[in-house]
Amino acid sequence: MASGDLTLRSAAVVDPARESVTGDRRVRIRDGVIRAVEPEDGSSLGEGEIDASAGYLLPGLIDCHVHVISASASTTLQADMYASFVAARAARNMGEMLRRGFTTVRDAAGADGGLAEAVERGLILGPRLIYAGKALSQTGGHADIRPAGRETHDPHYFVPTLGRICDGVDEVRRAARDEIRRGASHIKIMASGGCASPTDRVDSLQFSQEELEAIVEEAAAAGIYCAAHAYTADAVNRSLRAGVRTIEHGNLMDQTSVALFRERSAFLVPTLITYSALVENGAALGLSRFSLEKSRQVYDAGLASLEMADRAGLRIAFGTDLLGDMQVRQSEEFAIRARVQRPADVLRAATTTAAELLRLEGRVGVVAPGAHGDVVLARHNPLDDISHLADPERELVCVVKGGELVVDRRAA
């Protein structure tokens with residue numbers, strides 16, 4: 001059998017869109033692409049074939065908000081690390097994400113074309129990497145990692161930070177154009193304060209309306225979109241009015257934001273596990289007291305925001321936003337969302353809705369002919385109980401990316 005060729009036999013195929021399971025299917029993957037999903041014929045297993053009858057076959061999972069280069073909970077400390085060390089950590093981070101069943105991820109700031117190419121060429125084991133490059137931040141904004149007492153800022157692009165600083169319409173246009181030049185699939189905008197940044201408040205508004213609109217205009221001219229880090233209703237609404245397509249977090253939004261989401265057909269990407277991790281583990285991993293206080297401020301509001309968005313029928317995608325060593329908790333997002341959402345809605349967030357956000361409908365997030373050969377064999381039906389996916393070591397029997405078997409626990 002050639003590389004990227006695999007057949008899964010007697011599979012119970014889960015369709016997140018239809019909320020259905022179709023049993024006794026044969027899924028044939030050739031050259032990394034699903035070629036057929038067809039009834040079983042009862043023949044014996046052959047070379048390059050796997051008996052998938054013991055579980056449920058899902059599309060490869062998608063995380064729409066990761067930071068694969070994050071090597072520390074402190075973004076300030078990371079700026080002083082060797083770029084080569086951070087790249088090595090990124091390789092480990094991506095390999096672990098893939099082993100947790102995430103076959104595609106959208107990096108929301110920090111990753112670049114080099115990492116994406118290394119994955120594509122097989123130099124690094126990891127998910128398909130959709131990247132933004134560096135996030136755009138105003139001076140003193142969420143990606144300005146300088147402590148208050150530091151004047152100097154190293155603007156070199158290969159300092160391993162998540163963002164770059166730009167002020168004024170001309171500078172933000174230039175920064176957006178540079179990220180587009182470097183191959184970004186979307187532009188990340190820091191539109192409000194955040195938890196990990198050392199000097200801003202969570203409720204601060206960042207960039208002027210004119211700056212936001214200029215960034216969106218540059219992205220649209222290149223045929224890509226903008227994602228905005230935003231917590232409060234004011235920050236969310238300013239971003240949506242400027243034309244931003246995806247809102248990251250949104251913990252403190254309200255009903256005025258819901259109306260704008262509908263009007264603009266925008267996506268919400270909650271990232272609830274990161275606040276649990278920051279509150280529980282942040283201090284031990286180097287997070288400042290100021291950042292911990294901000295994390296507690298948004299921790300309780302996140303679940304209520306998700307519930308409001310879910311009840312309103314907004315388009316919600318799966319995201320985690322974990323930093324440094326906290327990335328091991330990625331899959332716990334499934335259990336948190338299950339507290340307020342139906343299992344099918346959570347599963348769609350990590351498959352079909354995520355694919356729509358990425359503009360990769362029919363290519364990822366589905367088990368169907370023409371899609372990438374990305375599938376996950378789980379022990380339980382996620383449409384009955386999605387929380388089993390929170391424990392991938394126990395739950396996932398096999399992980400396949402592009403027809404390559406990367407996790408095989410059938411003998412366990």
Subject >> Partner set under ring-ring contact (aromatic ring centres under 6.0 Å, His included) for Y82, not counting sequence neighbours >> reply: none
Original post:
Atom CG of D321 and atom CD of Q330: how far apart are they, to the nearest 0.5 Å?
Top reply: 11.5 Å
Original post:
Do T232 and D234 have a side chain donor and acceptor closer than 3.5 Å?
Top reply: no
Subject >> E280/R329 ion pair, N-O < 4.0 Å >> reply: yes
Original post:
Got a donor-acceptor contact below 3.5 angstrom from the R337 side chain to the V346 backbone?
Top reply: no
Original post:
Heavy atoms, side chains only, cut-off 4.5 Å: are R99 and L125 in contact?
Top reply: yes
**OP:** Quick one: list whatever passes ring-ring contact (aromatic ring centres under 6.0 Å, His included) with H65, sequence neighbours left out.
**Re:** H67, H249
Original post:
What pairs of residues pass the side-chain hydrogen bond (donor to acceptor under 3.5 Å, both in side chains) test when at least one of them lies in residues 158-172, not counting sequence neighbours?
Top reply: K134-T161, T139-D167, R164-D178, R164-E179
Original post:
Are side-chain heavy atoms of S192 and V202 found at a separation under 4.5 Å?
Top reply: no
Original post:
Does P16 offer a backbone N or O that forms a donor-acceptor pair with the side chain of R348 under 3.5 Å?
Top reply: yes
Original post:
Hey, what do you get for CD1 (I336) to CD1 (I273), rounding to the nearest 0.5 Å?
Top reply: 4.0 Å
Original post:
Distance from T271 atom OG1 to N251 atom CG, nearest 0.5 Å?
Top reply: 6.5 Å
**OP:** Check the pair Q78 / V86 against side chain to side chain contact (heavy atoms under 4.5 Å, CB included), numbers first and verdict last.
**Re:** CA-CA 8 Å; Q78 178 154 329; V86 171; 3.8 Å; yes
Subject >> Side-chain heavy atoms of I215 within contact of I187, under 4.5 Å >> reply: yes
**OP:** Taking all non-hydrogen atoms of both residues into account, name the closest pair between C398 and D408 and its distance.
**Re:** SG-OD1, 3.9 Å
Original post:
What pairs meet the salt bridge (Lys or Arg N to Asp or Glu O under 4.0 Å) rule with one or both residues in residues 238-263, with sequence neighbours excluded?
Top reply: R106-E248
Original post:
Do you know the tightest heavy-atom contact between V119 and G126?
Top reply: CG1-O, 3.6 Å
Original post:
Under the side chain to side chain contact (heavy atoms under 4.5 Å, CB included) criterion, do F267 and I247 qualify, and how do the steps go?
Top reply: CA-CA 6 Å; F267 292 83; I247 296 293; over 6 Å; no
Subject >> Pairwise side-chain contact, M308 with D310, heavy-atom cut-off 4.5 Å (strictly under) >> reply: no
Subject >> Under the ring-ring contact (aromatic ring centres under 6.0 Å, His included) test, residues paired with F102 that sit two or more places apart >> reply: F318
Original post:
So which heavy atom on P59 is nearest to which on V376, and how close?
Top reply: O-CG2, 4.2 Å
Subject >> salt bridge (charged side-chain N to carboxylate O under 4.0 Å, His left out) partners of D374, counting only residues at least two apart >> reply: R128
**OP:** In plain terms, say whether R177 and E218 are close enough for a salt bridge, that is, a side-chain N and a carboxylate O under 4.0 Å apart.
**Re:** yes
Subject >> From SG (C226) to CD (E213), nearest 0.5 Å >> reply: 11.5 Å
Original post:
Does CZ belonging to R121 count more than 12 external heavy atoms closer than 6.0 Å?
Top reply: no
**OP:** List in chain and number order the residues that pass salt bridge (charged side-chain N to carboxylate O under 4.0 Å, His left out) with R342, two or more places apart in sequence or in another chain; answer none if no residue qualifies.
**Re:** E19, D345
Original post:
If you look at every heavy atom in F85 and A71, which pair is closest and at what distance?
Top reply: CE2-CB, 4.3 Å
Subject >> Criterion side chain to side chain contact (heavy atoms under 4.5 Å, CB included) on L323 and S72, from CA distance to verdict >> reply: CA-CA 6 Å; L323 301 177; S72 171; over 6 Å; no
Subject >> Side chains of P270 and L268 in contact at under 4.5 Å (non-hydrogen atoms) >> reply: yes
Original post:
Quick one: does H142's side chain get under 4.5 Å of Q206's, heavy atoms only?
Top reply: yes
Original post:
Given Q138 and D144, is the side chain to side chain donor-acceptor pair (under 3.5 Å) satisfied, shown in steps?
Top reply: CA-CA 7 Å; Q138 68 176 39; D144 186 341; over 6 Å; no
Subject >> Distance (rounded to the nearest 0.5 Å) between K188 NZ and T246 OG1 >> reply: 8.5 Å
Original post:
Can you find a heavy atom in the side chain of I316 that is under 4.5 Å from one in the side chain of T353?
Top reply: no
**OP:** Using ring-ring contact (aromatic ring centres under 6.0 Å, His included) as the criterion, list what pairs up with Y225, not counting sequence neighbours.
**Re:** H186
Subject >> A338 backbone acceptor or donor facing Q341 side chain under 3.5 Å >> reply: no
Check: residues 354-368 side-chain donor-acceptor pairs under 3.5 Å, at least two apart:
from	atom 1	to	atom 2	distance (Å)
E356	OE2	R315	NH1	2.5
R359	NH1	G223	O	3.4

**OP:** Please name all residues satisfying salt bridge (charged side-chain N to carboxylate O under 4.0 Å, His left out) with R311, sequence neighbours left out, ordered by chain then number.
**Re:** E307
Subject >> Donor-acceptor pair between T256 and N237 side chains, under 3.5 angstrom >> reply: yes
For residues 87-95, dump all side-chain donor-acceptor pairs below 3.5 Å to protein atoms at least two apart in sequence or in another chain.
from	atom 1	to	atom 2	distance (Å)
R89	NH2	D325	OD1	3.0
N93	ND2	V68	O	2.9
N93	ND2	S70	O	3.2
N93	ND2	R89	O	3.4

Original post:
Where do L303 and R339 land on the side chain to side chain contact (heavy atoms under 4.5 Å, CB included) test, with the steps shown first?
Top reply: CA-CA 8 Å; L303 204 61; R339 297 176 194 171; 4.0 Å; yes
**OP:** State, with a plain yes or no, whether a side-chain heavy atom of M253 is found less than 4.5 Å away from one of Y231.
**Re:** no
Original post:
R379 side chain to L396 main-chain N or O, any donor-acceptor pair under 3.5 Å?
Top reply: no
Original post:
Is a side-chain donor or acceptor of E49 paired with a backbone partner of L6 at a separation under 3.5 angstrom?
Top reply: no
**OP:** May I ask you to decide whether K401 forms a salt bridge with E404, counting only side-chain N to carboxylate O separations under 4.0 Å?
**Re:** no
Subject >> Spatial distance of atom CG (L61) from atom CG (L389) [nearest 0.5 Å] >> reply: 6.0 Å
Original post:
Do you see a donor-acceptor pair shorter than 3.5 Å between the side chains of D15 and S20?
Top reply: no
**OP:** Determine, stepwise, if the pair E151 / R146 fulfils salt bridge (Lys or Arg N to Asp or Glu O under 4.0 Å).
**Re:** CA-CA 8 Å; E151 176 66 22; R146 294 173 295 174; 5.2 Å; no
Subject >> Of V400, L98, V375, V406, the residue whose pairing with T103 passes side chain to side chain contact (heavy atoms under 4.5 Å, CB included) >> reply: L98
Subject >> Short N-O contact, E393 and R409, less than 4.0 angstrom >> reply: yes
Subject >> For D203, salt bridge (charged side-chain N to carboxylate O under 4.0 Å, His left out) partners two or more places apart >> reply: R201
